[in-house]
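Just the heavy atoms: all of them, side chains too, but no hydrogens, waters or symmetry mates, feed the values below.
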Amino acid sequence: MKLSNVRQAAVSAITSYRPIERPLNFLETPTKDLFGKNIFSDSIMRERLPKAVYRALQNTIHHGEKLDPAVADAVATAMKDWAIEKGATHYSHIFYPLTGATAQKHDSFLSPDGHGGAVTEFTGKQLIQGEPDASSFPSGGLRTTFEARGYTAWDVTSPAYILENPNGTTLCIPTAYYSWTGEALDKKTPLLRSMQALNRQAQRILALFGHDNPGTVHPTAGAEQEYFLIDRNFFYSRPDLVICERTLFGAEPAKGQELEANYFGVIPERVLAFMLEAERELYKLGVPVKTRHNEVAPCQYEVAPVFENANVATDHQHLVIITLQRMAQKYGLTCLVHEKPFARVNGSGKHLNWSMGTDSMNLLEPGDTPHENAQFLVFCAAVIRAVHKNSEMLRAAIAHSGNDHRLGANEAPPAIISVFLGEQLTDIFEQIERGGAKESRQPGEIKVGVDTLPPLPRHAGDRNRTSPFAFTGNKFEFRAVGSSQSIAGPLVILNSIVSESLDYMATELENATGGDPGKLNEAVQKLLQSVVKEHKNVIFNGDNYADSWHKEAEKRGLPNLASTADAMEAIEKKEYYDLLSKYGVLSEREFKSRNEIYTERYCEDIVTEGRLCLEMAKTMILPAAYRYQGELATTSSSLKSIGKKFDTTSLDHLNDLIHSMEDAIADLDGVMAHDSDGSELEHARYCRDSIIPAMNKVRGMADEMETVIADDLWPLPRYSEMLFIK
């Protein structure tokens, strides 16, 4: 098979691939000894800090007490000494601006001593506060270019860590990031505020149920990360992957993901080697990754951690992506976390498993008899109410251009936000609506009729992989989150709306009981019955992919916000500003600034894709078509000149495609030349209604050309190569 020079070089490089470095010695250090090796952990602090300092720091971490500057000085000295012992020469305040990426600025521990030498310094003041420039990050109008001052503030609740590099190490300190006016410019600050709000309202419910000192209630999170791996030679041969992280062109291969043959299949050796080293690095950083496997699409994989405090889990999710992308390079691969890098095969999500609890109890654990577990039912009902009342906010929290390609396809939940409860809980809430729950359906056992196989305990309910928000035993799984997104935004909204719902539930119960515990059961029954009647429309246990559900959801009054433009428009409501402001999570200015930033990002993504679509169509695809057109015309002309029979069917078909392609390019050119006026939302609607359809039309012609033009003339690596040559 003769290929174009670029594709031939890529395939040759892949088939002759050899590991860049010698294999790691995994027998040298047991995995359990690696875990947390590079974090400034509780055990390190206990060992290195004076007892009084250690106790004060733990009170700040676990009970939210204010940090004494004297404590910060002692911690800074211990942290610096520990980091230098591990080879660090610099420290960096790590923060998460509204770009959605990880940001850092490195500062050296070394300072001149005035005598030709240097000393190492790191004070409590330097630990607590940094000052990166705030003018070059998106702020949505909170800051202007000349208002440049911004601050990073040490997040004592997320452990500092050492990031290794072949030429040294860096001490990394997780921080919040805000402006000179105190307004949040990042994703961590509102997350911490939302966690604080959730704790306050949850404590009121727990007090009603007789818990005197239950400990801090914190949300927990575990985010399953899906991603694609392709050879770097293919990646750099595709301008669309390099610039947009998704293929703007590509015909469907003869084989895609039929029969789900890739799912849970044997992991290719090269990929497994990459996974093992990536996991090793994550273990050092205290990231509790647990599961790895092949996903449904070819070249698609997943890594999943166990539950953690939601703030730490968010920081760890950023580390997971950084580590996957960094380690992939060592194995000649590129890690793609875009939601839809390849059309017509499954895209990637980041399923966000969410719960809430104290160090000793999970508040969403139903127990063996959930109908008798009034505390669980109150918390569960509060979540259902929150999702129903605020589904537009949840939808907006996962809205961006990449996720628009994925949501609603037969691979991901639809844009309609509904709640799956499963048979057992649905039955219990239906009993409550009728007057009171009397029993819980028991799970029983699964027997498969083979004597050598043991009977297995059956879960109380099946799973529903089509649901965007599903109860899965002792947590909810928000399956609509995009693979490239930070989980901070969805967590902020989820924590905030549940806080409002718990506030409502607590107020109703407090008023009904008047402080008399003997009235609690009756008050709970009435409240639960009221909540179920009012919010049961959001509960759906069926097939979310079915067209019939879309019609049923419309009857139920559930919003179907199909695009980012729809979602960002829907949340511009006073009720949402008021909710986030009331619980101290985001002021109206801060919330509006984020909406502006995310809408602008959507527009920038689409415009960038439109420009590149034009460029590739004009400079790569049409020239290939013209060359093949010339070959076909020459062949026909030569046959005619010697009196032989000739057929112009292929040439005629290609001519038609070229004319259609030229028309489509002209249409896209005209659309892209439009000078958008008005608001960002108006521009977003224009991108959705004009640019995207014009791009799709160009792609349609190009993808058909790919199936017609001679293989040696086609300039881009094909799906059949990128997805199947490993």
Side-chain angles (χ1 to χ4, degrees), residues 29-95 104 106-107 109 120-130 152-164 168-176 188 191-192 195-196 199 215-216 218 220-221 281-288 305-316 318-319 358-360:
T29 306
T31 303
K32 65 181 181 63
D33 294 340
L34 278 177
F35 193 82
K37 173 185 174 184
N38 283 346
I39 63 172
F40 194 65
S41 63
D42 181 77
S43 60
I44 297 294
M45 289 188 282
R46 190 185 302 113
E47 174 188 326
R48 291 176 175 264
L49 295 175
K51 288 183 179 179
V53 171
Y54 172 76
R55 284 195 299 270
L57 189 62
Q58 293 305 303
N59 285 335
T60 300
I61 294 172
H62 296 292
H63 305 296
E65 295 184 8
K66 288 192 175 182
L67 187 69
D68 187 331
V71 169
D73 280 327
V75 174
T77 299
M79 195 181 286
K80 178 202 70 175
D81 293 344
W82 170 77
I84 289 174
E85 288 171 18
K86 287 187 164 290
T89 57
H90 289 67
Y91 67 92
S92 175
H93 281 183
I94 303 296
F95 58 103
Q104 52 188 268
H106 295 210
D107 289 291
F109 287 122
T120 58
E121 292 182 338
F122 188 53
T123 65
K125 182 178 179 180
Q126 291 170 313
L127 170 62
I128 289 174
Q129 180 178 308
T152 53
W154 176 33
D155 176 13
V156 67
T157 63
S158 187
Y161 55 90
I162 293 290
L163 202 60
E164 295 180 348
T169 69
T170 303
L171 172 65
C172 298
I173 304 159
T175 62
K188 181 184 279 285
L191 175 58
L192 293 171
M195 292 172 65
Q196 188 171 273
N199 174 54
T216 302
H218 51 262
T220 56
E281 294 304 305
L282 289 169
Y283 288 149
K284 291 179 186 177
L285 296 168
V287 182
V306 297
F307 271 69
E308 302 179 274
N309 173 290
N311 177 44
V312 176
T314 302
D315 289 355
H316 281 173
H318 284 262
L319 276 175
T358 67
D359 290 340
S360 60

Walk me through whether His318 and Ile94 qualify under side chain to side chain contact (heavy atoms under 4.5 Å, CB included).
CA-CA 10 Å; His318 284 262; Ile94 303 296; over 6 Å; no
Leu67 and Trp154 have their tightest heavy-atom pair at CD2-CZ3, 3.4 Å
Taking atom CD of Gln126 and atom CG of Asp107, what is their separation to the nearest 0.5 Å?
8.0 Å
Under 4.5 Å between any side-chain heavy atoms of Pro305 and His316, yes or no?
no
Nearest 0.5 Å, what's the CE-CG distance between Met79 and Leu127?
5.0 Å
Separation between OG1 of Thr89 and CG of Leu171, rounded to the nearest 0.5 Å:
10.5 Å
Please give me the minimum heavy-atom distance between Asp73 and Thr123, naming the atom from each residue.
OD1-C, 4.0 Å
List the steps and the verdict of side chain to side chain contact (heavy atoms under 4.5 Å, CB included) for Asp359 and His218.
CA-CA 9 Å; Asp359 290 340; His218 51 262; 3.3 Å; yes
Modelled atom types, side-chain donor and acceptor of Thr152 and His93, under 3.5 Å:
yes
Take Ile61 and Asp42, measure what side chain to side chain contact (heavy atoms under 4.5 Å, CB included) needs, and give me the verdict at the end.
CA-CA 11 Å; Ile61 294 172; Asp42 181 77; over 6 Å; no
Please examine the side chains of Met45 and Pro159, heavy atoms only from C-beta on, and report whether any two atoms are closer than 4.5 Å.
no
Should Val75 and Leu57 count as side-chain neighbours, where that means a heavy-atom distance under 4.5 Å?
yes
Which atoms form the tightest heavy-atom contact between Thr169 and Gly87, and what is the distance?
OG1-C, 3.0 Å
The complete set of ring-ring contact (aromatic ring centres under 6.0 Å, His included) pairs with one or both residues in residues 43-81, sequence neighbours excluded, reads none
Could you pull out the closest heavy-atom pair between Glu308 and Ala313, with the gap in Å?
OE1-CA, 3.8 Å
Charged N-O contact under 4.0 Å between Lys188 and Asp155
yes
Tell me, please, which residues at least two apart from Lys80 pass salt bridge (charged side-chain N to carboxylate O under 4.0 Å, His left out).
none
OG1 (Thr220) and CG (Asn311) are apart, to the nearest 0.5 Å, by 13.0 Å
Using the test ring pair (Phe, Tyr, Trp, His ring centres under 6.0 Å), find all partners of Phe40 that sit at least two apart in sequence or belong to another chain.
Trp82
For Asn199, enumerate each residue passing the side chain to side chain contact (heavy atoms under 4.5 Å, CB included) test, keeping only those at least two apart in sequence or located in another chain.
Gln203, Thr216, Val217
Is the His106 ring parallel, tilted or perpendicular to the His90 ring (thresholds 30°, 60°)?
tilted
Hey, what do you get for CD (Gln104) to OG1 (Thr175), rounding to the nearest 0.5 Å?
10.5 Å
Using the side chain to side chain contact (heavy atoms under 4.5 Å, CB included) criterion, which residues pair with Pro30? Sequence neighbours excluded.
Lys32, Asp33
Taking NZ in Lys37 as the centre, count heavy atoms belonging to other residues, nucleotides or ligands within less than 6.0 Å. Is the count above 12?
no
dist Thr29:OG1 -> Lys284:NZ (nearest 0.5 Å) comes out at 8.5 Å
Could you work out, with side chain to side chain contact (heavy atoms under 4.5 Å, CB included) as the rule, every residue matching Asp68, not counting sequence neighbours?
Ala70, Val71
What closest approach, in Å, do Asn38 and Leu285 show between heavy atoms, and which atom pair accounts for it?
CB-CD2, 4.3 Å
So does Cys172 get a backbone contact from the side chain of Thr170, meaning a donor-acceptor N/O pair under 3.5 Å?
no
Can you see which heavy atom on Asp315 is nearest to which on Ser158, and at what distance?
OD2-OG, 2.5 Å
